[in-house]
Amino acid sequence: GICYVGERNSLLFTYSGLFAILPAISVFMICKKIDKYISNQIYNIIRELSKLSLGVYLIHAAIIHAFSIPFGYSSAIVRYAGIPIVYIASITIVYLLRKIPLVKTIVP
């Protein structure tokens with residue numbers, strides 16, 4: 001289809017689009033093969049972070065929304081600085097939630 005100036009192409013901005021799936025596959029393949037080339041300390045950090053990945057996936061949309069309220073979703077701050085901020089905030093929240101005994105028994 002034709003795209004006009006200022007119009008957002010949904011093919012480029014969806015979780016199931018080509019521009020979301022290919023980087024995800026690439027990261028998966030890199031992580032699958034990287035253990036041969038990194039130290040045990042870094043490997044252990046990656047393993048600990050991978051235990052939090054489901055929680056990060058489940059909570060990241062809410063954090064993106066909260067982070068975008070003051071700036072707007074299309075702000076450059078949200079697009080670029082938001083990536084590490086949302087990831088670090090997600091990891092922190094999930095890690096702290098796993099420390100609560102009741103939450104840990106409900107959500108492994």
Is there a chain of hydrophobic side chains (I, L, V, M, F, W, Y, each step under 4.5 Å between heavy atoms) that links [X] to [Y]?
X	Y	value
Ile91	Val94	yes
Val27	Ile83	no
Val86	Ile93	yes
Leu96	Ile59	yes
Met29	Ile21	yes

query = Which residue pairs pass the side-chain hydrogen bond (donor to acceptor under 3.5 Å, both in side chains) test with at least one member in residues 77-94, sequence neighbours excluded?
reply = none
task = Just grab all the side-chain hydrogen bond (donor to acceptor under 3.5 Å, both in side chains) pairs involving residues 65-75, residues at least two apart or on different chains.
result = His65-Tyr73
message = As an exercise, state the distance from CD1 of Ile88 to CD1 of Ile63, rounded to the nearest 0.5 Å.
response = 11.5 Å
key: Rounded distance (nearest 0.5 Å) linking atom CG of Asn44 with atom CZ of Arg47   = 6.5 Å
ask   = Do you know which two heavy atoms are closest between Phe67 and Val78, and how far apart they sit?
value = CE2-CA, 3.8 Å
query = Looking at Leu52 and Arg98, what are the two nearest heavy atoms and their distance?
reply = CD2-CD, 3.5 Å
query = Do the side chains of Ile46 and Leu49 get nearer than 4.5 Å, heavy atoms only?
reply = no
query = In this structure, are over 12 heavy atoms from other groups packed under 6.0 Å from Tyr95 atom OH?
reply = no
